[in-house]
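Reading through the structure tokens given below for one structure.
Reminder, nothing fancy here: chain letters follow the sequence lines and each chain counts from 1.
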Number of protein chains: 2
Amino acid sequence: MSHAQRLRQRIEDEIVSGELALGSRLDENQLAVRFGVSRTPIREALLQLAATGLVQTKPRRGAIVSAPEPYLLLAMFEAMAEIEAACGRLAARRLVPEDAEALQAALAGCRTAVAQEDPESYYAENYVFHTVVYRASRNAFLAEQALSLHRRLAPYRRLQLRVRQRLPQSLAEHEAIVAAIVAGDDAGAAEALRSHVLVQGDRFTDLVAGLRAPSAA
Amino acid sequence: MSHAQRLRQRIEDEIVSGELALGSRLDENQLAVRFGVSRTPIREALLQLAATGLVQTKPRRGAIVSAPEPYLLLAMFEAMAEIEAACGRLAARRLVPEDAEALQAALAGCRTAVAQEDPESYYAENYVFHTVVYRASRNAFLAEQALSLHRRLAPYRRLQLRVRQRLPQSLAEHEAIVAAIVAGDDAGAAEALRSHVLVQGDRFTDLVAGLRAPSAA
DNA sequence: GTTGCGATGCTTGTATGCAAGAAAGACGGT
DNA sequence: ACCGTCTTTCTTGCATACAAGCATCGCAAC
């Protein structure tokens with residue numbers, strides 16, 4: 001694989017994991033020195049990330065880590081809800097034993113994390129769970145889109161870990177989602193996933209409102 | 001705007017419009033000479049298109065216009081159906097007079113094209129119609145995703161123009177879609193759009209099967 | 001005649017150099 | 001003292017140069 005591709009993954013990971021703060025500037029020279037390459041592969045990596053929306057470039061003003069306006073973020077959560085709902089709908093119709101087992105396994109992982117009251121662990125298991133749902137849709141393209149959007153929203157999801165009592169509720173929703181999919185209830189699975197994701201958007205709204213209160217006061 | 005951005009749009013347009021055939025090779029040197037720039041902005045444009053999926057790059061072997069496997073194409077049509085259904089669902093819930101008028105206007109354009117039995121014109125009007133539906137979802141992100149996918153599938157949709165009697169049927173479906181949205185019937189609008197788009201995937205399957213028959217025989 | 005190996009040429013991938021545009025600071029005017 | 005303008009400097013964007021890898025073609029051996 002080329003340097004540019006490696007850099008793309010690396011920078012993307014740092015954005016998704018939160019190492020690179022939202023809105024922070026991505027200086028080509030700094031990155032070039034840091035990774036020990038010239039500006040060319042750095043530029044190519046940043047341009048690809050810009051094409052996927054993870055970074056924003058302003059002409060002659062370089063690249064920053066995307067920090068969408070709140071209204072656009074809510075739109076992204078809503079879109080995520082619709083796409084996940086679609087995955088669930090298709091999964092309920094097409095569930096094969098292999099995927100059913102994977103769903104149960106992912107669910108078990110979530111249960112363990114909740115039992116241990118370990119948000120970080122639940123965060124990881126939650127990722128696995130949703131990934132399994134995407135795959136269960138048996139639509140490679142939709143799964144890819146869902147995963148891409150999931151990753152893009154990861155920095156914001158991470159903020160929600162601290163919201164109290166979210167873990168048990170999230171787990172309960174996961175249980176309901178799996179139940180609907182296994183039962184072949186496509187409409188139910190879609191609705192369960194839609195509301196599961198949408199509530200995250202709502203929580204996010206609460207969070208933003210909470211964070212803004214001090215500065216507004 | 002920079003050269004790279006202009007080139008990106010230009011090449012994208014040529015792919016979407018069919019000027020650049022699916023699967024054809026995109027030689028950096030040729031493109032550089034053709035557009036009168038160096039290879040650098042060409043590379044940057046191609047990499048961005050690769051990030052959005054319109055072209056594929058193989059390491060050390062350059063870029064070609066994406067020509068997905070049939071199974072992936074069907075997945076893309078299915079994903080398109082789900083995303084458009086989501087747009088319709090939201091549009092039905094949120095319809096504002098402005099969007100209602102835009103829908104009626106787009107519908108009128110489609111009617112005119114069908115009355116004139118002009119497939120090329122209908123193709124253009126159909127594009128407008130779907131774009132209006134996306135916007136009516138009042139979700140900028142979802143609309144953007146829908147439009148992007150619509151453009152990406154455009155080369156295949158174009159192939160379907162010749163399928164007999166598709167125009168009147170497509171128009172009838174458009175009428176039903178608008179009726180559902182205007183009535184605030186979100187589930188109905190979603191289902192109408194889903195099947196409207198899915199049938200294109202089915203038609204595409206027929207087409208592929210038809211094209212393959214000679215070589216298989 | 002066919003097949004395997006090697007050389008050559010062409011293409012991509014990266015580095016470096018250079019010019020143009022934007023941001024920031026200094027200087028002068030009010 | 002403050003504001004506007006000019007200049008300087010830093011960054012991006014493009015061009016060119018260079019290196020590395022793959023493909024193709026030719027040649028030789030079987």
For Ser66(B), check side-chain hydrogen bond (donor to acceptor under 3.5 Å, both in side chains) against everything at least two apart and list the hits. none

Got a sec, which pairs hit side-chain hydrogen bond (donor to acceptor under 3.5 Å, both in side chains) with one end in residues 27-49 of chain A, sequence neighbours left out? Glu14(A)-Arg34(A), Glu28(A)-Arg39(A), Glu28(A)-Arg43(A), Arg43(A)-Glu44(B), Glu44(A)-Arg43(B)

Considering residues at least two apart in sequence or located in another chain, which fulfil the side-chain hydrogen bond (donor to acceptor under 3.5 Å, both in side chains) criterion with Gln116(B)? none

Residues touching DNA chain C, which here means a heavy atom under 4.0 Å, drawn from residues 57-64 of chain A: Arg60(A), Arg61(A)

What residues form a ring pair (Phe, Tyr, Trp, His ring centres under 6.0 Å) with Phe77(A), not counting sequence neighbours? Phe204(A)

Less than 3.5 Å apart, any donor N or O on the side chain of His150(A) or Tyr127(A) sitting next to an acceptor on the other? no

Set of side-chain hydrogen bond (donor to acceptor under 3.5 Å, both in side chains) partners for Asp186(A), sequence neighbours left out: Arg93(A)

Per the side-chain hydrogen bond (donor to acceptor under 3.5 Å, both in side chains) rule, what does the pair list look like for residues 50-61 of chain B, sequence neighbours excluded? none

Whole-Å distance between dT12(D) P and Gln5(B) CD? 15 Å

Partners meeting ring pair (Phe, Tyr, Trp, His ring centres under 6.0 Å) with Phe35(A) (sequence neighbours left out): none

Using the ring pair (Phe, Tyr, Trp, His ring centres under 6.0 Å) criterion, which residues pair with His3(B)? Sequence neighbours excluded. none

Which two nucleotides bound the region of DNA chain C that has atoms under 4.0 Å from heavy atoms of chain A, read 5' to 3'? dG13(C) to dA23(C)

Go through the structure and list residues passing side-chain hydrogen bond (donor to acceptor under 3.5 Å, both in side chains) with Arg94(A), not counting sequence neighbours. Glu78(B)

Contacting residues from residues 23-45 of chain B, given that a heavy atom lies under 4.0 angstrom of DNA chain D: Val37(B), Ser38(B), Thr40(B), Pro41(B), Glu44(B)

